[in-house]
2 protein chains.
Amino acid sequence: MVAAERAKRRPARASVWLEDKARRGGAARGGQPSGLDRDRIISAAVTLLDAEGLPRFSMRRLAAELNVTAMSVYWYVDTKDDLLELALDAVFGEMRAPAGIPGDDEESPEDWRDQLRELAVDYRAVLVRHPWVSPLAGTFLNIGPNYLEFSFAVQRVIRRTGLPLSEQTAAISAVFQFVYGFGTIEGHFIERSAMAGVTADEYFGEAMAAVMQAPQISHVLEHSKGIMEARGGDTVTEMFERDFSTALEIVISGIEARVARVE
Amino acid sequence: MVAAERAKRRPARASVWLEDKARRGGAARGGQPSGLDRDRIISAAVTLLDAEGLPRFSMRRLAAELNVTAMSVYWYVDTKDDLLELALDAVFGEMRAPAGIPGDDEESPEDWRDQLRELAVDYRAVLVRHPWVSPLAGTFLNIGPNYLEFSFAVQRVIRRTGLPLSEQTAAISAVFQFVYGFGTIEGHFIERSAMAGVTADEYFGEAMAAVMQAPQISHVLEHSKGIMEARGGDTVTEMFERDFSTALEIVISGIEARVARVE
DNA sequence: ACCTGAACACCGTTCAAGT
DNA sequence: ACCTGAACACCGTTCAAGT
């Protein structure tokens, strides 16, 4: 949907992963020397998105990076949205081996809590490393192979909690929608700092000063200051780290309490 | 940042709420009959965003809706991003009176759990009613008056949980990042259904069929089907409702468990 | 004080044409 | 089979000019 505005007349296939023509290009086999193929395009897209951010990303800039005309890219992908969807699933592949996380069929020595922490930490890392992931993940259908593998791993772990089936989707939401939200603001914050050419700590200081300076709010500010100072951690990074892990433990405790209630 | 790509040369003020020129226009006082003012522009923007979605929203289309040339709007707002930020805070004003939620200074007869549910439900409602809110809320600094009022209400309620100060920001994250993530996908799902000209249930059926049809995943699918069917609720709306409230109770239980551990 | 028209530097995408 | 150039219908924003 990100760029769908100009593609009004297109049949609007819901995802690249459905009915894709998939000219995946077997790496520079024939005539011209451009050496383009789908994988090269996708990884150049990821690089450009990381470097410039989603709003600055355009097919023309990407093509320039590949030393090719903008329209060459269209031989490999149907639309900009398709390409973004491919890039999205590509970075989901950076999460380390969710397939390695076993379900309750196998006997697993590992605690489901640790498995859940591992998945949450990985998902957060992707969101923070690639701030453009959040708006895309919120927009597309997310049925690429890497994301599916991840979400099946999540399902397997949640099954081991002992929650009744009817509450498992809710538990998945409680954990991973939280991670999504947290990673979104964290990644965006880091991106903003970088683009302002300033450290996260400096940017935080400026933002706080900015909020303080805003009118109409001084009367509700005393407690906010207290809450901020008590937050713990000397740097913004440490703050994020502590908040994330404490919040994650809160949600895990909530699942445990829910299980205990049912048993 | 949404439209910032073309405004590279601008000083890049971090938010409308800082150093805004604020020509708020006292409602059609002088010469020309266009009757434009900031409030009219903002509410037209909200209407257009609701009707067409964020990607289709443009200054030129908005101006057309107002029977005015695109550039007239620029007399009232500096940039498209500023206008979006104003529209964003405007819809946060739809949450009913978070200012009415007391802190622990006043003795309040109401349980903090109910207050938290109320705030979460309101926030979710905004995200679902206005699917364009999520990407903007994830992008801007969120220091408009309505959002600040909301987040101060959140702080007051969390203070009443009995959590130590050092864990209160984490608890806020656990609740409201979850709500943000949940409202994001829910709102987007409803938007997609509407734009496909189909009910949410029909769209859900199609999406499920689509995922099933995807290759490489049939081997992990049996449990997913089980989890989906056990989810409860006959319609998609009921499913969302149940998942949301169950997940919210999980997080609240987690906060309670955390409080008990400390006491 | 408010509004407009023309212009600039961009977009995504189509299409006919090249090799 | 792959790539290009020109063109279409858009963007956000600036600037000089109108009333």
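Within every chain, numbering begins at 1; the chains are lettered A, B, ... in the order of the sequence lines, protein sequences first and strands thereafter.
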Residues that B:Asp50 engages under side chain to side chain donor-acceptor pair (under 3.5 Å), provided they are two or more places apart | B:His130, B:Trp132

Parsed dot-bracket for DNA chain C after applying the Watson-Crick and G-U rules with both distances under 3.5 Å and | for other-strand partners is ||.|||||...|||||.||

Would you please test A:Phe182 and A:Phe178 for ring-ring contact (aromatic ring centres under 6.0 Å, His included) and show each step?
-> CA-CA 6 Å; A:Phe182 194 98; A:Phe178 152 69; 5.7 Å; yes

Report the nucleotide, chosen from D:dT4, C:dG12, D:dG12, that has the shortest atom-to-atom distance to any side-chain atom of A:Ser72.
-> D:dT4

Would you mind telling me which of D:dG12, D:dC2, C:dT13 lies closest to the side-chain atoms of B:Tyr74?
-> D:dG12

Tell me the salt bridge (charged side-chain N to carboxylate O under 4.0 Å, His left out) pairs involving residues 129-139 of chain B, sequence neighbours left out?
-> B:Glu94-B:Arg129

Rounded to the nearest angstrom, tell me the gap between atom CG in B:Asn67 and atom C1' in C:dT4.
-> 15 Å

Between C:dC11, C:dC2, C:dT13, which nucleotide has the shortest distance from any of its atoms to the side chain of B:Trp75?
-> C:dC2

Gap between atoms CZ and C1', on A:Phe57 and C:dC11 respectively (whole Å) | 13 Å

Could you check how far CZ of B:Arg40 sits from P of C:dC2, rounded to whole Å?
-> 14 Å

Touch class at under 4.0 angstrom, heavy-atom based, for B:Met71 against every strand present | base

Listed once per pair and sorted, the salt bridge (charged side-chain N to carboxylate O under 4.0 Å, His left out) pairs that draw on residues 64-77 of chain A, sequence neighbours left out | none

For B:Arg56 and D:dC10, give me the distance from atom CZ to atom P, rounded to whole Å.
-> 12 Å

Nearest listed nucleotide, side chain of A:Met59, among C:dT4, D:dG12, C:dG12 | C:dG12

Salt bridge (Lys or Arg N to Asp or Glu O under 4.0 Å) filter on A:Asp89, not counting sequence neighbours, yields none

Listed partners of A:Glu186 passing salt bridge (Lys or Arg N to Asp or Glu O under 4.0 Å), at least two apart = A:Arg124

